[in-house]
Participant: 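What follows is a single structure, and I will ask about it in a moment.
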Amino acid sequence: GGSDATQSDLLRARMRLSLQEHLWEFYRNNVNIPTDEQTTARRAALDICAELRVFLHAKLPDMPLREMYLSGSLYDELQVVTADHAQLMVPLVLEKNLWSFIPGEDTIMNVPGFWLVRRENLEYFPRNSSYWDRCMVGGYLSPKSVLEVFDKLVAGSINWPAIGSVLDYVIRPVVPSETLTLEVQYETDRKLYVDFLPLLVMEDGTSLIAKPHRLAAERHENLWRQSFRVPETARLRALDQEDGGCRCACLKVAKAMCKLNPALNRLNASQLTNAILLLSEKEGDWTLEALADRFLQLLRALVGHLEAGRLPCALNPKVNLFCELTEQEVDELGYTLYCALSDPEELLRT
Ligand code: GDP
């Protein structure tokens, strides 16, 4: 009868309370990175970036690039567990009249969130009118070929041991790597991975990055990936600022959980960010006291999205942020998270 309901309500309330404490403890002990560790990592990344700028200016003065810059979670207080990676953004300059951008949904591949960059006006401006024509494959600018240009330079012709010894780091290109990555050992027990990320910015501000589609590599080889990172992160932060909310804290806890559990490694920051943005459209209470409730709700929402095989991007619902997972990966993620619903603390154990 009535007293049973009250009993189980009480029990549930107590479980939530302890999960709440547990989450904040996990946040303090595992998620959060000490300030000095972040500072040292940022300095190492900056030193490398400065060296690369000097090298590229000297070696390839006519390569049309805008200034390279560092970005990623290390730069907006969203990195978790260890300060161990950053992206070096390398914006390419494309001639407006020579290149056009075709959204993935308008191509035979039909993949929203990816784009083709087509070379135009070849009859009036023949091959090599644009510096980037050297990276043209079948009439399109190939992100793979752009990466290869930088790979040859960065991995092939820079004397990293010499630069490393001046900076007092051990620097080496990571091979093989899907993108171009430098490993920087900046203290005896600390390593930083810096990803080289060529970037195109369209006139309306849309950003495309040279990060290959994971599946069906050959068919998708010429696709550029639209990056939503800047606007999605900004939206999350703005929502938190409006109501003093815990969305960023919730994101960081979820990121750490995925980083520390091999079964969840496939879930990335963008998927988690968008799941929280979607949840924010339905759920208003993001006060610090509601962290446990929202965290459980996030897990439940992710299970639901995985069951549907679809996680729409909050900034463009046509984009399915699960489109690069295999069916088996979707099943495994769903299973792991489903099990976690009854014992969420298991995933926070370290
Ligand atoms: P974290 O690596 O989980 O801490 O997440 P981040 O928020 O730092 O995201 C980094 C990942 O997003 C990398 O895999 C990047 O390749 C990818 N990414 C996509 N767009 C961008 C972008 O505009 N900037 C950066 N830094 N990374 C991006």
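In listed order, ligands and their atoms are each counted from 1.
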Participant: Considering Lys255, Arg229, Gln226 one by one, which has a heavy atom nearer to atom 9 (O) of ligand 1 than any of the others?
Facilitator: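 Considering heavy atoms of Lys255, Arg229, Gln226, the nearest to atom 9 (O) of ligand 1 sits in Arg229.
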Participant: Which atoms of ligand 1 sit under 4.0 Å from any heavy atom of Gly72?
Facilitator: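 Taking each heavy atom of Gly72 in turn, ligand 1 has 8 (O), 26 (N) under 4.0 Å.
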Participant: Please state which protein non-hydrogen atom is closest to atom 5 (O) of ligand 1 and give its distance, to 0.1 Å?
Facilitator: Ala269 CB, 3.4 Å
Participant: Taking CG in Asn159 as the centre, count heavy atoms belonging to other residues, nucleotides or ligands within less than 6.0 Å. Is the count above 12?
Facilitator: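 Atom CG in Asn159 is packed in, count exceeds 12.
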Participant: Looking at ligand 1, would Leu197 count as a contact under a 4.0 Å heavy-atom criterion?
Facilitator: yes
Participant: Is the shortest side-chain N to carboxylate O distance from Arg43 to Glu187 below 4.0 Å?
Facilitator: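 Between Glu187 and Arg43 there is no salt bridge, as every charged N stays at least 4.0 Å from the carboxylate O atoms.
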Participant: Quick one: does Met89 get within less than 4.0 Å of ligand 1, heavy atoms only?
Facilitator: yes
Participant: Tell me whether Arg235 contacts the main-chain N or O of Leu277 through its side chain, where contact means a donor paired with an acceptor under 3.5 Å.
Facilitator: no
Participant: Please determine whether a side-chain nitrogen of the Lys or Arg among Glu25 and Arg28 lies less than 4.0 Å from a carboxylate oxygen of the Asp or Glu.
Facilitator: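 Not counted as a salt bridge, because no side-chain N and carboxylate O are separated by less than 4.0 Å.
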Participant: For atom 15 (C) of ligand 1, tell me which residue out of His85, Arg225, Glu232, Lys211 has the closest non-hydrogen atom.
Facilitator: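 Heavy atom nearest to atom 15 (C) of ligand 1 belongs to Lys211.
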Participant: Check this for me, if you would: do Asp84 and Lys191 make a salt bridge, where the nitrogen-to-carboxylate-oxygen distance has to be below 4.0 angstrom?
Facilitator: no
Participant: What is the nearest protein non-hydrogen atom to atom 25 (C) of ligand 1, stated with its residue, atom name and distance?
Facilitator: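 Ranked first by proximity to atom 25 (C) of ligand 1 is Ser71 OG, 3.3 Å.
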Participant: Considering only heavy atoms of Ser227, which atoms of ligand 1 have at least one such atom less than 4.0 Å away?
Facilitator: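 With Ser227 as reference, the close atoms of ligand 1 come out as 19 (C), 20 (N), 21 (C), 22 (C), 23 (O).
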Participant: Under 3.5 Å between some N or O of ligand 1 and some N or O of Gln79?
Facilitator: no
Participant: In this structure, does ligand 1 have an atom that sits under 4.0 Å from one of the heavy atoms of Ile209?
Facilitator: yes
Participant: I need the nearest protein heavy-atom contact for atom 13 (C) of ligand 1: residue, atom name and distance, please.
Facilitator: Gln87 NE2, 3.5 Å
Participant: Taking the six-membered ring for Trp and the single ring otherwise, decide whether the centroids of His220 and Phe114 are under 6.0 Å apart.
Facilitator: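 Here the rings of Phe114 and His220 have centres that are no less than 6.0 Å from each other.
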Participant: Between Phe101 and Trp115, what is the ring plane arrangement, given parallel below 30°, perpendicular above 60°, and tilted in between?
Facilitator: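 Rings of Phe101 and Trp115: perpendicular, over 60°.
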Participant: Flag the pair Arg237 and Glu242 as a salt bridge only when some basic side-chain nitrogen lies within less than 4.0 angstrom of an acidic carboxylate oxygen.
Facilitator: no
Participant: For atom 4 (O) of ligand 1, find the nearest protein heavy atom and state the residue, atom name and distance (0.1 Å precision).
Facilitator: Ser73 OG, 2.5 Å
